[in-house]
2 protein chains.
Amino acid sequence: MRNTVAKTEILNLIKSSNQAFSHAEIEAKLEGLCNRVTIYRVLERLEEEGQIHKFVNINGVLKFAACHDCTDHHHDHHAHFNCTSCGTVTCLEEVEPVYKVPKKYKVQEVNFTLSGLCPNCC
Amino acid sequence: MRNTVAKTEILNLIKSSNQAFSHAEIEAKLEGLCNRVTIYRVLERLEEEGQIHKFVNINGVLKFAACHDCTDHHHDHHAHFNCTSCGTVTCLEEVEPVYKVPKKYKVQEVNFTLSGLCPNCC
DNA sequence: AATCTATTGCAACACTGTTGCAAATATAAA
DNA sequence: TTTATATTTGCAACAGTGTTGCAATAGATT
Ligand SMILES: [Mn+2]
Ligand SMILES: [Mn+2]
Ligand SMILES: [Zn+2]
Ligand SMILES: [Zn+2]
């Protein structure tokens, strides 16, 4: 996979923040640096490289966040918190839900999203 | 709130199944009984009446399910399971995630969605 | 510098969900 | 039963998210 201006900028943006970004937010921050389709494709590549992870936010929209403490294959096991006041979405990497499904189910993927008030808005 | 043909049919459909339905699935089953916008509005009304609850599926699309054992105000606290093989989405009303967020956060809403293989597909 | 292949831009599209407004209809009142 | 009225519906139009095909462009390698 090649490194390009768009890829570098998008990765910088995401890595420089502890927030998760939606496609629309990234597009706004980049201010016309590249086409919106490119953003989607770059995000896909960054995810394949294991540099970012994505998840479905509580409103159904995809969010992308840097991988910090994420261990290899369970990028998506931790909780994500959506503040209803300031709108920010944060990885709570230390928060993992404990649950028990009937043993006839085989769980492969987990999405655990919370919303409410973040520390800044409480 | 008035009872109408559309409302009755949609409620029957949802109540007669233990699966959760998307708007598109309901539209397909109703076979032109009413306009698609009406379906959205009926679903909204049924939710206000407490007869159904909605949640964001693991793919970001809204799903609607009947309220059976749902207790009053936490329709959305239980888990939902999306089978990657047969595509069905089921309420796991007995499955509630246990978690602990840093006390500076105030949680208001929870979305907990699992995907994998259901008992029929295991 | 030339080559090759991955990446990009563009246009077009599918899908989900929402809104305004006029017409239709369920329900309550006469 | 008929009338009045407020709710519900259909339609058209729209916004937002995400995807695809294809030709043009630009990284990387030689
Ligand atoms: Mn995360
Ligand atoms: Mn449910
Ligand atoms: Zn906040
Ligand atoms: Zn299944």
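We name chains A, B, ... by the order of the sequence lines, and we start the count at 1 in each one. As the structure is a computational prediction, the values presented were derived from the model and not from experiment.
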- Task: Check whether the ring centres of A:His80 and A:His53 lie less than 6.0 Å apart, and answer yes or no.
- Result: yes
- Heavy-atom distance under 4.5 Å between the side chains of B:Tyr40 and B:Glu44, does that happen here? no
- Item | Axis deviation across the helix from C:dA1-D:dT30 to C:dA30-D:dT1, five-pair ends, to the nearest 10° | 30°
- A:Asn120: partners by side chain to side chain donor-acceptor pair (under 3.5 Å), with sequence neighbours left out: none
- Item | Side-chain donor/acceptor of B:Ser17 to backbone N/O of B:Ile14, under 3.5 Å | no
- Partner set under ring pair (Phe, Tyr, Trp, His ring centres under 6.0 Å) for B:Phe21, not counting sequence neighbours: none
- Atom CG of B:Asn59 and atom C1' of D:dT19: how far apart are they, to the nearest Å? 15 Å
- Item | Residues from residues 36-46 of chain B lying under 4.0 Å of DNA chain C - heavy atoms | B:Arg36, B:Val37, B:Tyr40, B:Arg41
- Message: Test of understanding: with ring pair (Phe, Tyr, Trp, His ring centres under 6.0 Å), list the residues that count as partners of A:Tyr105, not counting sequence neighbours.
- Response: B:Phe81
- Message: Would you compute the distance between atom OG1 of A:Thr90 and atom CG of A:Leu114 and round it to the nearest 0.5 angstrom?
- Response: 10.5 Å
- Item | Under the side chain to side chain donor-acceptor pair (under 3.5 Å) test, residues paired with A:Ser115 that sit two or more places apart | none
- Taken to the nearest whole Å, NZ/A:Lys63 to P/D:dT17 is 10 Å
- Task: Measure from CD1 on A:Ile26 to C1' on D:dT17 and round the result to the nearest Å.
- Result: 13 Å
- Task: Using whole Å, report how far CZ of A:Phe21 lies from C1' of D:dG18.
- Result: 20 Å
- Message: So does B:Asn59 get a backbone contact from the side chain of B:Asn57, meaning a donor-acceptor N/O pair under 3.5 Å?
- Response: no
- Just jot down the side chain to side chain donor-acceptor pair (under 3.5 Å) partners of B:Glu49, sequence neighbours excluded, or say none. B:Lys7
Show me, pair by pair, the donor-acceptor contacts under 3.5 angstrom made by side chains of residues 25-34 of chain A, not counting sequence neighbours?
unit_1  : atom_1 : unit_2  : atom_2 : d
A:Glu25 : OE1    : A:Ser22 : N      : 2.7
A:Glu25 : OE1    : A:Ser22 : OG     : 3.4
A:Glu25 : OE1    : A:Lys63 : NZ     : 3.1
A:Glu25 : OE2    : A:Lys63 : NZ     : 3.2

- In 5'-to-3' order, the base (B), backbone-only (S) or no-contact (-) status of each nucleotide in nucleotides 24-30 of chain D, using a 4.0 angstrom heavy-atom cut-off, is --BBS--
- Message: For chain B and DNA chain C, what are the first and last nucleotides along the strand, 5' to 3', with at least one atom under 4.0 angstrom from a heavy atom of the protein chain?
- Response: C:dT16 to C:dT27
- Message: Using a 4.5 Å cut-off between side-chain heavy atoms of Ile, Leu, Val, Met, Phe, Trp and Tyr, which other residues end up in the same hydrophobic cluster as A:Val61?
- Response: none
- Message: Suppose we screen for side chain to side chain donor-acceptor pair (under 3.5 Å). Which residues come up paired with B:Thr38, at least two apart in sequence or across chains?
- Response: none
